[in-house]
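Quick notes on the structure that follows.
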Amino acid sequence: MQALQPDFYARPVLEVARALIGCTVVRGDVAGVIVETEAYHESEPACHAFVGLTPRTSTLFGPPGIAYVYRSYGIHALLNAVCEPEGVGAAVLIRALEPISGITAMRRRRGRVAERLDELCSGPGKLTQALGVTLADNGGNLARGGVQILAGAGVSEVVHTGPRIGITKAVELPWRFCLAGNEHVSRPRPVPLGAGAAR
DNA sequence: CATGGGATTGACT
DNA sequence: GTCAATCCCATGC
């Protein structure tokens with residue numbers, strides 16, 4: 001498989017968030033297929049870039065195809081792919097992976113030797129821990145750096161959209177994308193349209 | 001320089 | 001269901 005080049009990311013962030021479903025994140029000998037993403041754009045207040053260019057957001061405003069990694073809640077590192085042309089602050093948050101290789105190493109890094117496979121990377125903080133992604137990866141090139149994203153084979157399955165998770169602003173935007181029915185997405189699972197009508 | 005708030009997770013009631 | 005852990009950094013004095 002081929003690493004995605006900067007031009008892949010240099011387009012509307014919502015397009016990229018959808019297109020990244022089914023692609024593969026690789027770091028060293030561990031890898032997983034992306035099954036859940038969220039889009040963030042400088043035009044809406046949930047995005048870190050909303051406040052403008054600061055030391056923290058400089059990566060977001062930089063060229064596309066770069067990793068934006070930041071610390072969340074003082075504990076977790078969260079992995080994003082910077083999108084849109086340089087000068088526009090936008091990124092796709094990688095929220096969940098389906099592990100495909102290096103699963104033993106993932107469990108070892110997670111400190112949970114017997115953790116269920118569908119719990120191993122089912123959250124943005126969990127997958128960075130499993131892959132060994134740290135703040136040192138911030139600013140790395142996703143086409144040739146330590147963390148890379150490879151092109152997917154093309155996703156034929158349904159991708160659900162829904163509201164983003166864990167934010168307090170712009171909660172109404174349906175900018176979360178999940179591979180339908182996949183067991184490795186984070187909670188809460190998106191509700192398929194038309195389901196749960198009866199009560 | 002002091003403060004406050006998270007794009008979360010896991011443990012516990 | 002509730003809640004603490006923990007640190008970067010934006011903001012305000």
Side-chain angles (χ1 to χ4, degrees), chain A residues 9 12-18 20-21 25 32 34-62 64 66-84 88-99 106-140 142 147 149 159-179 183-190:
Chain A
Y9 303 95
V13 67
L14 285 170
E15 270 184 40
V16 182
R18 169 64 179 78
L20 279 175
I21 300 290
V25 179
I34 299 172
V35 297
E36 178 179 353
T37 62
E38 283 177 3
Y40 288 87
H41 188 271
E42 63 180 31
S43 63
E44 45 90 14
C47 182
H48 292 168
F50 185 72
V51 299
L53 184 59
T54 67
R56 183 194 199 192
T57 62
S58 63
T59 307
L60 279 173
F61 286 95
I66 299 297
Y68 168 56
V69 184
Y70 72 95
R71 187 165 302 291
S72 172
Y73 292 94
I75 303 171
H76 307 286
L78 268 56
L79 173 65
N80 299 251
V82 175
C83 296
E84 311 229 1
V88 179
V92 173
L93 170 68
I94 311 299
R95 284 194 58 88
L97 303 177
E98 178 171 339
M106 288 185 182
R107 289 205 169 101
R108 186 168 58 241
R109 291 204 188 93
R110 290 271 300 145
R112 289 153 185 268
V113 176
E115 188 168 42
R116 291 165 51 105
L117 196 58
D118 58 6
E119 298 280 325
L120 204 48
C121 295
S122 60
K126 298 165 82 171
L127 72 89
T128 55
Q129 186 182 19
L131 295 182
V133 172
T134 69
L135 296 198
D137 292 302
N138 185 44
L142 292 171
V147 181
I149 302 181
V159 173
H160 284 314
T161 63
R164 295 174 292 182
I165 306 302
I167 57 172
T168 58
K169 301 164 197 163
V171 295
E172 73 284 359
L173 297 176
W175 286 8
R176 182 193 191 199
F177 299 84
C178 298
L179 193 52
E183 296 300 310
H184 304 268
V185 305
S186 70
R187 305 300 173 90
R189 296 271 177 73

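Note on naming: letters A, B, ... go to the chains in the order of the sequence lines (proteins, then strands), and numbering restarts at 1 for each one. Worth saying up front: this structure is predicted, and the values here are computed from it rather than measured.
- Listed by residue number, there are no residues of residues 114-134 of chain A with a heavy-atom contact under 4.0 Å to DNA chain C.
- Interatomic distance, CG of A:L131 versus CD of A:Q129, reported as 10.5 Å (0.5 Å rounding).
- Applying the 4.0 Å criterion to OP1 and OP2 of B:dT9, one finds that A:R110 has every side-chain N and O outside that range.
- Applying the salt bridge (charged side-chain N to carboxylate O under 4.0 Å, His left out) rule to pairs touching residues 120-131 of chain A yields A:E119-A:K126, sequence neighbours excluded.
- By the 4.5 Å heavy-atom criterion applied to side chains, A:R95 and A:C178 are not counted as neighbours.
- With sequence neighbours left out, the salt bridge (charged side-chain N to carboxylate O under 4.0 Å, His left out) criterion links A:R187 to no other residue.
- Put simply, the side chain of A:N80 does not reach to within 4.5 Å of the side chain of A:V92, judged on heavy atoms.
- Atom CZ of A:F177 and atom C1' of B:dA7 are 15 Å apart (whole Å).
- Regarding A:H48, its NE2 atom lies at a distance of 15 Å from the P atom of B:dG5, rounded to whole Å.
- For the pair A:F50 CZ and B:dG6 P, the interatomic distance rounds to 14 Å; values are reported in whole Å.
- Counting heavy atoms from C-beta outward, A:Y9 and A:L142 have side chains that approach closer than 4.5 Å.
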Which atom pairs, donor and acceptor, lie under 3.5 Å between side-chain atoms of residues 67-77 of chain A and protein residues at least two apart or in another chain?
residue : atom : partner : partner atom : Å
A:Y68   : OH   : A:H48   : ND1          : 2.7
A:R71   : NH1  : A:I75   : O            : 3.0

Check your understanding: So what's the dot-bracket for DNA chain C: Watson-Crick or G-U pairs under 3.5 Å, [ ] if a pair crosses, | if it pairs off-strand?
Key -> |||||.||||||.

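- Among residues two or more places apart in sequence or in another chain, the salt bridge (charged side-chain N to carboxylate O under 4.0 Å, His left out) test is passed with A:R18 by none.
- For A:L14, the side-chain contact (heavy atoms from CB on, under 4.5 Å) test picks out A:A39, A:W175, A:F177, with sequence neighbours left out.
- In this structure, A:E42 places its CD atom 17 Å from C1' of B:dA7, rounding to the nearest Å.
- Within the structure, salt bridge (charged side-chain N to carboxylate O under 4.0 Å, His left out) pairs that include any residue of residues 160-172 of chain A comprise A:E44-A:R164 (at least two apart or interchain).
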Can you tabulate the close N/O pairs, meaning under 3.5 Å, that link protein atoms to atoms of nucleotides 11-13 of chain B?
residue : atom : partner : partner atom : Å
B:dA11  : OP1  : A:R112  : NH2          : 3.3

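- Listed by chain and number, the residues in a side-chain contact (heavy atoms from CB on, under 4.5 Å) with A:V171 are A:I167 (sequence neighbours excluded).
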Revision key, fill the gap. In B/S/- notation (B base, S sugar-phosphate only, - none; protein heavy atoms under 4.0 Å), nucleotides 2-13 of chain C written 5' to 3' is ---BBB-SSS--

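- Atom CG of A:L79 and atom C1' of B:dT8 are 15 Å apart (whole Å).
- Residues forming a salt bridge (charged side-chain N to carboxylate O under 4.0 Å, His left out) with A:R110 (at least two apart in sequence, or on another chain): A:E115.
- Here the side chains of A:D137 and A:L79 are not in contact, with every heavy-atom distance at 4.5 Å or above.
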